[in-house]
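One structure is given below, encoded as structure tokens.
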Amino acid sequence: AEKRVEELRASLEEYGYHYYVLDNPIVSDAEYDQLLNELIKLETDFPDLVTEDSPTVRVGGQPLPFFEKVEHRTPMLSLGNAFSADDLLDFDRRVRSLVGDEVSYSCELKIDGLAISLTYENGRLVRGATRGDGTVGEDITENLKTIPAIPLKLKENLTLEVRGEAFMPKRSFDQLNEAKEQAGEERFANPRNAAAGSLRQLDPKLAAKRNLSMFVYAIGYIEGQELPSHHGGLQYLQKIGFRVNQESKKCETIEDVIQYTEEWVAKRSDLPYEIDGIVIKVDQLDLQQELGFTAKSPRWAIAFKFPA
Ligand SMILES: COc1nc2nc(N)nc(N)c2nc1C
């Protein structure tokens with residue numbers, strides 16, 4: 001049984017990575033579910049074979065009495081806002097006046113979900129938390145473990161912390177509200193509320209049913225790695241197991257950034273998830289270091305907000 005359990009785990013991890021992280025399934029849903037059910041049955045019959053990073057934890061454990069508070073090792077700050085092309089030109093001028101003209105930008109979709117922090121030690125997920133007030137959040141590890149896009153074990157034995165956005169895809173949101181309607185229950189107003197509501201309740205089995213996903217967008221800290229740039233860092237995160245949004249784009253000029261924002265104002269309704277803007281970041285990590293932070297947000301990033 002032990003050999004079969006290990007085989008199943010390895011297959012489910014690989015299939016899960018292709019399906020939930022790379023959006024590129026290599027087996028059918030039916031085959032994946034059949035293997036997962038076989039593993040659940042084996043773990044039920046042989047409880048001492050259960051490990052806490054087995055894919056079966058995705059179904060969720062026991063409800064918690066409350067959430068522990070968690071202090072973030074580095075604060076999860078908010079972003080300054082831009083509402084027009086002129087605001088973006090001003091941002092670019094400020095950045096260049098401080099660090100010169102060699103700056104390039106990483107442009108990323110701003111997913112309308114719940115900001116979270118994920119901590120890994122020796123490649124294993126040890127904690128997941130909400131942003132909270134930026135300094136102290138809530139430990140929602142058990143709920144986050146049910147999100148298939150969140151790796152339980154990385155492909156490298158690294159110690160790191162990443163930030164990302166947990167969200168509910170539009171289709172899942174519509175199905176959930178349909179079910180609420182049928183049950184005569186209060187509908188969720190939007191996918192962000194639905195994702196936050198799903199992750200901030202105490203029963204992981206309920207979170208597991210909400211078809212949530214997640215994109216990572218920043219590294220809080222990473223031990224033993226020198227990454228080339230922010231954009232290069234995101235590509236590395238995908239290689240070791242994280243879901244990274246593939247619409248991100250490196251832009252050499254602020255004009256390219258403005259064009260990217262205009263493209264996505266037009267295309268946002270075609271996306272399978274909701275976005276509320278575009279995040280623009282200086283891509284060179286040394287220039288980010290040089291630019292630093294104001295009291296509440298990085299000088300090297302700005303959120304271009306879409307008209308509501
Ligand atoms: C560097 O800080 C940030 N980066 C971000 N990047 C993306 N793509 N989306 C966000 N919501 C976001 N939020 C923050 C605070």
Side-chain angles (χ1 to χ4, degrees), residues 21 72-83 88 91 94-95 99 103-118 128-137 149-150 160-169 190-193 195-196 199 212-222 227 229-238 242-251 257 260-261 263-265 267-268 271-306 308:
V21 173
H72 301 298
R73 182 159 131 171
T74 52
M76 291 179 71
L77 296 172
S78 54
L79 293 171
N81 290 330
F83 298 97
L88 292 175
F91 170 70
R94 274 199 310 277
V95 164
V99 293
V103 65
S104 55
Y105 294 112
S106 170
C107 294
E108 300 162 20
L109 301 185
K110 188 169 181 301
I111 311 299
D112 198 2
L114 185 75
I116 57 165
S117 155
L118 300 168
T130 63
R131 177 183 177 281
D133 64 7
T135 305
V136 175
I150 293 180
L160 55 83
E161 186 243 349
V162 295
R163 279 93 195 263
E165 199 86 3
F167 67 93
M168 185 180 290
N190 54 53
R192 183 177 49 73
N193 289 6
L199 287 172
L212 297 173
S213 188
M214 191 278 306
F215 288 116
V216 292
Y217 58 63
I219 294 172
Y221 63 86
I222 182 165
L227 294 169
S229 67
H230 168 74
H231 198 75
L234 292 183
Q235 287 168 320
Y236 179 69
L237 289 183
Q238 183 178 51
F242 290 103
R243 189 179 188 200
V244 173
N245 191 285
Q246 295 302 296
E247 309 300 349
S248 308
K249 185 177 178 196
K250 262 199 68 183
C251 290
V257 168
Y260 181 88
T261 60
E263 272 169 33
W264 282 105
V265 166
K267 283 195 296 187
R268 77 192 278 206
L271 287 165
Y273 41 79
E274 287 199 352
I275 61 174
D276 61 349
I278 303 289
V279 178
I280 297 107
K281 302 168 188 175
V282 169
D283 192 46
Q284 294 95 333
L285 296 176
D286 56 337
L287 300 187
Q288 287 188 7
Q289 197 77 29
E290 218 178 305
L291 286 158
F293 299 83
T294 66
K296 60 183 184 48
S297 53
R299 283 196 194 87
W300 42 268
I302 197 160
F304 176 79
K305 303 291 280 190
F306 289 153

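Every number for a ligand or one of its atoms is a count from 1 in the order of the listing.
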Q: Calculate, to the nearest 0.5 Å, the distance between atoms NZ and CG belonging to K281 and L291 respectively.
A: 14.5 Å
Q. Do the side chain of D276 and the main chain of D112 share a donor and acceptor less than 3.5 angstrom apart?
A. no
Q | Any donor-acceptor pair under 3.5 Å from E274 side chain to R192 backbone | A | no
Q | Set of residues satisfying side-chain contact (heavy atoms from CB on, under 4.5 Å) with respect to R243, sequence neighbours excluded | A | V21, D23, A149, F167, S213, F215
(Q) Working note: K110 + I278, criterion side chain to side chain contact (heavy atoms under 4.5 Å, CB included); need CA distance, chi angles, decisive distance, verdict. (A) CA-CA 5 Å; K110 188 169 181 301; I278 303 289; 5.9 Å; no
Q: Any chance you could measure H72, atom NE2, to T135, atom OG1, to the nearest 0.5 Å?
A: 7.5 Å
Expected rows: ligand 1 N/O, protein N/O, dist below 3.5 Å:
unit_1   : atom_1 : unit_2 : atom_2 : d
ligand 1 : 4 (N)  : K281   : NZ     : 3.3
ligand 1 : 6 (N)  : K281   : NZ     : 3.0
ligand 1 : 8 (N)  : E108   : OE1    : 2.9
ligand 1 : 8 (N)  : L109   : O      : 3.4

